[in-house]
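So the structure is just underneath, and the comments pick up after that.
First the proteins, then the strands, lettered A, B, ... as listed; each starts at 1.
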Amino acid sequence: MNKTDIKNENNASIKPGNFITEIIDEDLKTNKYGGKVHTRFPPEPNGYLHIGHAKSICLNFGLAETYGGLCNLRFDDTNPTKEEVEYVDSIIEDLRWLGFDWGDRLYFASDYFEQLFEYAVKLIKKGKAYVDSLTMEEIRGYRGTHTEPGKESPYRNRSAEENLSLFERMRAGEFKEGEHVLRAKIDMSSPNMNLRDPIMYRIRHASHHRTDNKWCIYPMYDWAHGQSDSIEGITHSICTLEFENHRPLYDWFLDELEIYHPQQIEFARLNLSYTVMSKRKLLQLVEEQIVSGWDDPRMPTISALRRRGYTPESIRLFSERVGVAKRDNMIDVALLEHSIREDLNKRAMRVMAVLKPLKVVIENYPENQTEELDAINNPEDLSMGKRRVTFSREIFIEREDFLEFPPKKFFRLSPGTEVRLRYAYIIKCEKVIKDNKTGEVLELRCTYDPATKSGSGTSDKKVKGTIHWVSAVDAIEAEVRLYDRLFLVEDPSYEKEKDFMELINPNSLEILDTCKMEKSLLNSKPGDKFQFERLGYFCVDTVDTKEGKFVFNRTVPLRDTWAKISKTS
RNA sequence: UGCCCCGUGGUGUAAUUGGCAACACGUCUGACUCUGGAUCAGAAGAGUUCAGGUUCGAUCCCUGACGGGGCAGCCA
């Protein structure tokens with residue numbers, strides 16, 4: 001099966017091809033792997049997954065799905081000093097949440113430690129690997145530079161017997177960390193640094209999250225990765241560009257071992273504007289408490305996006321849209337935002353909430369009277385039905401929806417003008433009550449036109465604006481958190497002069513704790529998503545929402561044409 | 001200074017493998033609207049980094065320059 005066949009079978013699900021599908025199509029045509037496509041996603045459990053990983057996940061699992069193959073989940077857990085179970089748990093949770101399934105193919109590189117050891121013995125016997133006893137500093141010195149070739153270690157020509165014995169003793173724990181390493185014997189003058197006798201094993205007297213204290217020698221990435229791919233029968237081992245120079249080494253090991261040989265293919269990792277993607281930097285943000293944790297909604301991690309209200313569908317859609325290629329890229333965060341708006345527009349229940357309330361008293365509306373008005377849950381999907389909202393003499397409107405001295409094209413409320421209250425009546429602003437000292441607007445006095453009740457058809461009065469509101473009699477109070485980009489510049493890592501920590505947006509979080517919401521929200525549960533009409537998409541926070549205290553996260557604001565107009569004029 | 005990879009509208013990705021560049025996001029108009037949302041209609045914006053070469057014809061092939069990225073962890 002190739003791209004063309006997929007098109008024929010289902011026109012609706014054609015995915016754009018890329019250089020990787022081209023390679024696979026070619027391999028299928030030449031029957032390189034017996035018609036098989038088998039990929040893997042190989043995270044190191046040393047941090048949380050982020051949106052860049054999502055691209056890789058969608059690519060690997062997506063390719064398997066597209067070609068009717070399989071994709072394994074394999075933890076690349078070869079460095080016990082940096083890896084933790086907390087991370088493997090979070091990674092599995094995120095992958096499941098994104099909607100991917102690896103069946104019973106959950107693997108760990110540490111599962112292969114014994115096999116890897118045997119492979120190493122094979123190379124030693126073949127004279128292709130040796131135990132080096134230089135210090136770390138000496139090894140660095142012997143490696144040479146980009147322009148000068150390296151020098152061979154004096155230990156390079158130990159006999160196979162001596163190497164074997166030393167390697168066994170390394171495993172047995174007879175040496176201290178740093179005393180010896182196992183190296184591949186390749187070429188100290190190779191222009192490719194990775195081929196200058198790369199280290200295969202180092203001694204670490206550390207307990208591993210899976211193998212505990214069974215091992216005190218641990219394989220390096222290059223030694224573990226290709227062989228793990230081989231053991232699992234991976235056909236296309238897809239990784240990011242920085243491993244391109246490692247491919248000759250990947251191939252060398254497999255060729256010398258004479259075992260099944262998958263092919264490594266490199267693509268450009270995802271970069272998102274106004275954020276950072278390196279795990280080291282994200283960890284720093286967490287440790288220095290710039291954010292509340294890996295799942296702080298401002299983070300680009302999967303857990304943060306989930307908490308912020310992103311859906312798995314929107315992230316998968318985004319991952320499709322960013323494409324796959326080899327050139328460095330910087331994806332506009334607007335594309336991510338577009339993806340979630342598009343998804344939520346179709347599915348999110350609409351509701352009214354006032355973030356920065358301004359009290360309005362409707363003077364000609366009877367005291368103690370209330371009425372229930374029909375409101376549509378989602379104009380994009382009428383099957384979602386209707387709900388009732390309470391209308392009363394006292395309501396709250398958004399402070400921003402009133403301007404005492406309105407500029408041109410301001411369609412909202414101002415002294416003497418009329419505006420429609422969504423699903424209710426048209427009101428007119430009669431009086432502005434202000435604080436004598438500060439001049440702050442405290443309250444509005446309005447009148448309503450009973451003939452303009454929503455849906456009654458008893459008035460053909462037209463107004464330019466419609467605003468949202470919440471009745472004061474049964475409004476529920478809630479906290480709302482508004483998020484903005486975490487960094488002030490598009491590419492915080494690009495700035496040469498400044499450290500990325502100096503480029504943090506000091507206003508990336510705004511907490512509003514006097515928000516008023518319609519009573520229907522009382523039934524909402526953590527994780528529920530809504531569109532607050534005219535404001536944006538919000539979700540009930542899963543961490544800080546407690547019995548009797550609602551906390552909402554703004555996932556993304558609605559497109560705001562007025563903001564653009566008012567900004568430019 | 002060495003090696004490897006990459007250069008297509010503001011951003012990202014395409015171009016049936018050599019037939020004068022398409023799609024998405026963004027931007028800007030207009031229509032519609034009881035969300036200044038959504039939707040609909042439309043517009044602007046690249047001659048494919050540059051210079052040679054091959055060819056009837058080059059985004060695509062070749063050469064060179066320029067630009068960007070990666071590589072000197074006992075990290076992955």
A/Arg143 side-chain proximity, nearest of B/rA72, B/rC75, B/rG70: B/rA72

How many Å lie between CG on A/Asn329 and C1' on B/rU13, as a whole number? 10 Å

With a 3.5 Å distance limit and no angle check, can you tell me whether A/Asn377 reaches the backbone of A/Met384 through a side-chain donor-acceptor pair? yes

Donor/acceptor link under 3.5 angstrom from A/Arg412 side chain onto base of B/rG36: yes

Of B/rG2, B/rU13, B/rC75, the nucleotide closest to the side chain of A/Arg327 is B/rU13

Nearest to the side chain of A/Asp328 - B/rG36, B/rA38, B/rG69? B/rG69

Writing each nucleotide of RNA chain B 5' to 3' as (, ), [, ], | or . by Watson-Crick or G-U pairing under 3.5 Å yields .((((((..((((.....[..)))).(((((.......))))).....(((((..]....))))))))))).....

Given B/rC74, B/rG69, B/rU35, the nucleotide with the shortest approach to the side chain of A/Pro379: B/rU35

Whole angstrom value for the distance that separates C1' of B/rU16 from CG of A/Asn18: 16 Å

B/rG52 glycosidic torsion: syn (within 90° of 0) vs anti: anti

Has the side chain of A/Glu380 got a donor or acceptor that lies under 3.5 Å from a partner of the other kind on the base of B/rU39? no

Any sub-3.5 Å donor-acceptor pair from A/Ser228's side-chain atoms to A/Ala224's backbone N or O? yes

With A/Glu418, which of A/Lys461, A/Arg412, A/Lys428 fulfils salt bridge (charged side-chain N to carboxylate O under 4.0 Å, His left out)? A/Lys461

Length of the line joining A/Met220:CE and B/rC74:P, which is rounded to integer Å: 6 Å

Assess, by modelled atom type and distance only, whether the side chains of A/Glu177 and A/His205 contain a donor and an acceptor separated by less than 3.5 Å. no

Would you find a donor on one side and an acceptor on the other, under 3.5 Å apart, between the side chain of A/Ser190 and the backbone of A/Ile186? no

Reading 5' to 3' through nucleotides 24-30 of chain B, protein heavy-atom contacts under 4.0 Å coded B for base, S for sugar-phosphate only, - for none: SS-SS--

So A/Ile217, base contact, sugar-phosphate only, or nothing? Heavy-atom distance under 4.0 Å. nothing

Taking the side chain of A/Gln531 as heavy atoms from C-beta outward, which of B/rA38, B/rG69, B/rU35 is closest to it? B/rU35

Under 4.0 Å between any heavy atoms, over every strand shown, what does A/Thr147 touch: base, sugar-phosphate, or nothing? Just pick one. base

Whole-Å distance, A/Asn271 CG to B/rG70 P, equals 10 Å

Could you state the NZ-C1' distance from A/Lys55 to B/rU13, rounded to the nearest angstrom? 10 Å

Of all the choices, B/rU1, B/rA72, B/rC75, which nucleotide is nearest to the side chain of A/Lys82 once you look at every atom? B/rC75

Does A/Arg204 count as lying over the ring of A/Tyr218, i.e. NZ or CZ under 6.0 Å from the six-ring centre, within 45 degrees of the axis? no

Are A/Phe267 and A/Phe19 close enough that their ring centres sit under 6.0 Å apart? no

Kindly indicate whether the side chain of A/Arg183, heavy atoms from C-beta on, has any atom under 4.5 Å from the side chain of A/Tyr201. no

Checking side-chain polar atoms at under 3.5 Å, does A/Thr390 have a donor or acceptor matched by the opposite partner on A/Glu372? yes

Taking the minimum atom-to-atom distance to the side chain of A/His146, which one of B/rA72, B/rC74, B/rA76 wins? B/rA72

side-chain hydrogen bond (donor to acceptor under 3.5 Å, both in side chains) partner of A/Asn46, the single match among A/Lys82, A/Glu84, A/Arg280, A/Lys279: A/Lys279

In this structure, how many angstroms lie between the P atom of B/rC71 and the CG atom of A/Asp197, rounded? 21 Å

Position toward the 5' end of RNA chain B (nearest nucleotide), A/Gly455 or A/Ala325: A/Ala325

When you look at A/Asn72 and A/Glu232, which way does the side-chain hydrogen bond (donor to acceptor under 3.5 Å, both in side chains) test go after all the steps? CA-CA 8 Å; A/Asn72 298 352; A/Glu232 292 177 18; 2.8 Å; yes

Sugar-phosphate only, base, or nothing, as touched by A/Phe243 at under 4.0 Å among non-hydrogen atoms: base

Give A/Asn79 one of three labels, base, sugar-phosphate or nothing, depending on what nucleic acid heavy atoms sit under 4.0 Å from its own. sugar-phosphate

Taking the nucleotide of RNA chain B with the closest heavy atom to each, which residue, A/Asp76 or A/Leu421, is nearer the 5' end? A/Leu421

Testing B/rC75, B/rG12, B/rC74 for proximity to the side chain of A/Glu44, the answer is B/rC75

